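Model, not experiment: these values are computed from the prediction. Ligands are counted one by one from 1 in listed order, and the atoms in each one are counted from 1 as well.
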Amino acid sequence: MSSQPPPLIPRHIAIIMDGNGRWAARRNLPRAAGHREGVRAVRRTIEAAIEHNIRWLTLFAFSSENWRRPADEVTDLTFLLRHYLRSELNELAEAGVRLHVIGERDRFGPALEAELATAEARTRTNDRLHLVIALSYGARAEIVAAAQRIARETKSGTLNPDAIDEAGFTAHLATAAMPDPDLVIRTSGEQRLSNFLLWQAAYAELIFDDTLWPDFGASNLADAIAEYARRDRRFGARPSPVPAQ
Ligand code: IPE
Ligand code: IPE
Ligand code: MG
């Protein structure tokens, strides 16, 4: 491991975008209105991330557990996702954004699955901001899928069980090509991970912001980045010496 201090700007920020329903309920609006407004916050956050030179941004848009929601809410969310893709893809591509999708995307049906693949292919050569959308994503399912792949490789003889190490395990996850998140932000005041990036966030800094996701914007992101810069990341090593006055 390098002895260089980690840079003050997080390379990878991951956000649990929570609170759309409460935002709507406070206004006596249907939950769908909160999700629609949440899309505007996504737009603002991507722009702000680019301005801060963040290289990786992961957005938790739909969890594997969110299928437990009423069918009409799932339909609204799927509609919004398709609408977002169609209306934003040009702008994202022109802004230098490369899109990646993690999660069980096939559960949204072959048409949307194909649109997601097209969007990824279309932005493949961009690298200003890697935007990872977590869709029907659950960390435990991801880890189980990695274990299955590893088991198949060991059974077929292409992988020696004694050679499996942390890096090798990481390489079997959906996030294999991505750096671990340095900072995980959750909005709406809830303080839990809800099955998000459990392996990858092992040493992430956590920030819980009371703002409901539809109200999140550039200043919230700037505050989180500033707070991150004040944290002392130790990775189990000794605390950094207090600088001489
Ligand atoms: C986050 O907002 C969006 C998704 C989980 C899809 P919620 O819909 O969870 O909003 P609350 O938590 O009910 O306020
Ligand atoms: C987590 O939010 C999932 C997303 C933001 C997509 P939830 O609202 O689903 O999480 P819980 O149910 O409060 O833990
Ligand atoms: Mg919620």
What short N/O contacts, under 3.5 Å, does ligand 2 make with the protein, listed by atom pair and distance?
| from | atom 1 | to | atom 2 | distance (Å) |
| --- | --- | --- | --- | --- |
| ligand 2 | 8 (O) | Asp18 | OD1 | 3.2 |
| ligand 2 | 8 (O) | Arg69 | NH2 | 3.2 |
| ligand 2 | 9 (O) | Asn66 | ND2 | 2.9 |
| ligand 2 | 9 (O) | Arg69 | NH2 | 3.3 |
| ligand 2 | 10 (O) | Arg186 | NH2 | 3.2 |
| ligand 2 | 10 (O) | Ser194 | OG | 3.4 |
| ligand 2 | 13 (O) | Arg192 | NH2 | 2.8 |
| ligand 2 | 14 (O) | Arg192 | NE | 2.8 |
| ligand 2 | 14 (O) | Ser194 | OG | 2.6 |

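Interface of His35 with ligand 1, defined as ligand atoms under 4.0 Å from a residue heavy atom, comprises 3 (C), 8 (O).
In this view, Asp232 and Arg234, Pro239, Ser240 satisfy the side-chain contact (heavy atoms from CB on, under 4.5 Å) rule, not counting sequence neighbours. With sequence neighbours excluded, the residues satisfying side-chain contact (heavy atoms from CB on, under 4.5 Å) with Ser194 are Arg186, Arg192.
Arg107 contributes no side-chain N or O that, together with a main-chain N or O of Ser136, makes up a donor-acceptor pair within less than 3.5 Å. Between the Thr154 side chain and the Leu159 main chain, no donor and acceptor come within less than 3.5 Å of each other.
A salt bridge is absent between Asp76 and Arg31: the closest approach of a Lys/Arg side-chain nitrogen to an acidic carboxylate oxygen does not fall below 4.0 angstrom. By the 4.0 Å N-to-carboxylate-O rule, Glu153 lies too far from Arg149 to be salt-bridged with it. Ion pairing between a basic and an acidic side chain is recognised when a charged N comes within 4.0 Å of a carboxylate O; Glu47 and Arg44 show no such pairing.
Cluster membership for Val42 and Val184, using ILVMFWY side-chain heavy atoms within less than 4.5 angstrom, is not shared.
Residues Gln200 and His12 bring no donor and acceptor atom of their side chains to less than 3.5 Å of each other.
Protein atoms that are N, O or S and lie under 2.8 Å from the Mg ion (ligand 3) are these: Asp18 OD1.
In the displayed structure, Arg27 atom CZ is contacted under 6.0 Å by more than 12 heavy atoms of other residues, nucleotides or ligands.
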